[in-house]
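Only one structure is covered here, and it is reproduced in the block below.
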Amino acid sequence: MAPSPAESAGRAATTLAGPEPTLAVPSFEELCALHFDFVWKCARAFGSKSDEIDDVVQDVFLVVQRRHSDLKEERLARSWIYGITRRVVSTHRRRRRERDSRGAPDIDSLRSTEESPLAAAERQGQVRVLSALLDALDERKREVFVLSEILEMSGREIAETIGVPMNTVYSRLRAAREEFDAAAQRQRKSLERRRVP
Amino acid sequence: MKEMSYEACQLVDAGREAFCPTDADRARLMAAITGAASLSVGVAVAVGAQRTLSGLLNVAHAGRLLAVVLPVAAGAYIWHATTASPASVQPPAPVNPQPVLVAPRASGPVEREAEDEAAEPPSQPNAPASPERSPSTTAEASKPGNEIRQEVALLSKAQAALSRGRPQEALEALAEHAARFPRGVLSEERAATRARTLCALGRRQEAENELKRMEKLNPTSAYLARARESCGSR
């Protein structure tokens, strides 16, 4: 179950010094405007494909709207929305796995872009490799890696968002970066071997 | 912390770029999301909003949004009407009468889905009947990614039944929700509605047990507080 804002805050509060001023809870429309990009990027980085991203984002905000009264403080909004996003993405991923097991094609591999064919192929290739390497990380490492490297959040922001101590964030991030780096280099060597006639 | 290799940084850079929404993505979805939210102030504005949405997006998508929004709107309205005291009922948010500009998207998921929907059989037994709903919206509910909308529809059905004085019917919808979505995104709301329904049936002990379970999972839940208030529980 996704942590409630209060739960996340409670955990984060043990790690972060100093009380913060309590601001009014944003309206639903304000939450949408403030967190749209965050939700979209999280969903994509946690595995939502381009053919389902609209549904995922809409579902997240559908739940946000439905549960808006759960949000008690403005500072907890991102953590709360993050929990909902992870849960919605997980639901969609589970359903997609079922669908993929029935042989449906990977939409992202078929998608056309406005880039030149070579650039598009290269970019798509990189994104596919990135997605595969992220999939290979365990969920805890992936979580901090995505929030730090893809969403460019600070250690403190990540700690607040996922509700763990900052030391834990950094130790998971260190391990995730090492693992990701090693996998990226293996991937490069593998490609080089295939290019050699 | 040790720097990552060039290869790893390149992949991360590709992700930062590829995983970012475009302006068109923002405009399209924000219009859909906030347009849907403004409908929740009451079903009365739904027809006009559908006209707006139909003009801005396309008929199938607007219909699909309404299939999602109507149960939400009805559910939210019923929830507040049946749980909140008159003094605590929030005034409805003002509806923005201005049309929302939506950037066109030549071949995005919305259009692809609309095409796909035409080939699928309808199956959304729990959504309220609506003469405005296009055939594609019923097919939408059967698609794999629509679990959450089905959750919403089932809970709305339960809350509507409860507000009409049919608690047994509400319990059946809640049982179906529990069976289909045991760990659903809206499971907390289901528990709260179940507690209120049990109270309405006079099954106080079962209601108390439900409230205790909720408290254990999330003691600060707004749903818990409202369910307690509704049941006259402490």
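Residue numbers begin at 1 in each chain, while the letters A, B, ... track the order of the sequences.
Shortest non-hydrogen contact noted between A:Arg87 and B:Ser187 is NH2-OG, 4.0 Å.
Between A:Arg186 and B:Glu7, the closest side-chain pair of non-hydrogen atoms is not below 4.5 Å. Contact check for A:Trp40 versus B:Arg26: no side-chain heavy atoms found under the 4.5 Å cut-off. Side-chain contact between A:Asp59 and B:Glu147 is absent, with no heavy atoms from C-beta onward closer than 4.5 Å. In this structure, B:Glu188 and A:Asp70 have side chains that are in contact, with non-hydrogen atoms separated by less than 4.5 Å. Contact check for B:Leu155 versus A:Arg66: side-chain heavy atoms found under the 4.5 Å cut-off. Residues A:Phe145 and B:Val12 are in side-chain contact: their nearest non-hydrogen atoms beyond the backbone lie under 4.5 Å apart. The shortest distance between side-chain heavy atoms of A:Val146 and B:Phe19 does not fall below 4.5 Å. In this structure the side chain of B:Met4 never reaches within 4.5 angstrom of the side chain of A:Glu178, judged on heavy atoms.
Note on B:Ala8, B:Ser5, B:Pro21: by heavy-atom pairs under 4.5 Å with chain A, the leading option is B:Pro21. Contact count versus chain B (heavy atoms, under 4.5 Å) is highest, among A:Ala183, A:Cys32, A:Ala182, A:Ser90, for A:Cys32. Interface check for chain B: of the options A:Gln185, A:Gln187, A:Arg177, the most heavy-atom pairs under 4.5 Å are formed by A:Arg177.
Using modelled atom types and a 3.5 Å distance limit, the side chains of A:Ser69 and B:Arg226 yield a donor-acceptor pair.
Screening B:Val185, B:Leu186, B:Ile33, B:Val152 against A:Leu62 for a side chain to side chain contact (heavy atoms under 4.5 Å, CB included) leaves a single residue, B:Val152.
Atoms SG and CG, from B:Cys20 and A:Leu151 in turn, are 9.0 Å apart once rounded to the nearest 0.5 Å. Here the CD1-CD distance, from B:Ile148 to A:Gln58, works out to 11.5 Å after rounding to the nearest 0.5 Å. With values rounded to the nearest 0.5 angstrom, B:Leu11 atom CG is found 12.5 Å from A:Arg128 atom CZ. Distance CG/A:Asp54 to CG/B:Asp25: 7.0 Å, rounded to 0.5 Å. Interatomic distance, B:Glu17 CD to A:Ile150 CD1, rounded to the nearest 0.5 Å: 11.5 Å.
Surrounding CD of A:Glu139 are more than 12 heavy atoms belonging to other residues, nucleotides or ligands, all under 6.0 Å away. Surrounding CZ of A:Arg140 are at most 12 heavy atoms belonging to other residues, nucleotides or ligands under 6.0 Å away.
When heavy atoms are compared at a cutoff of 4.5 Å, A:Leu133 approaches chain B solely by way of its side chain, counted from C-beta outward. Both the backbone and the side chain of A:Val88 come within contact range of chain B, each with at least one heavy atom under 4.5 Å from a heavy atom of that chain. Using a 4.5 Å cut-off between heavy atoms, A:Ala33 contacts chain B through both its backbone and its side chain. Proximity to chain B is limited to the side chain of A:Arg188, based on heavy atoms less than 4.5 angstrom apart.
The existence of a salt bridge linking A:Glu152 and B:Arg16 is confirmed by a sub-4.0 Å separation between a basic side-chain nitrogen and an acidic carboxylate oxygen.
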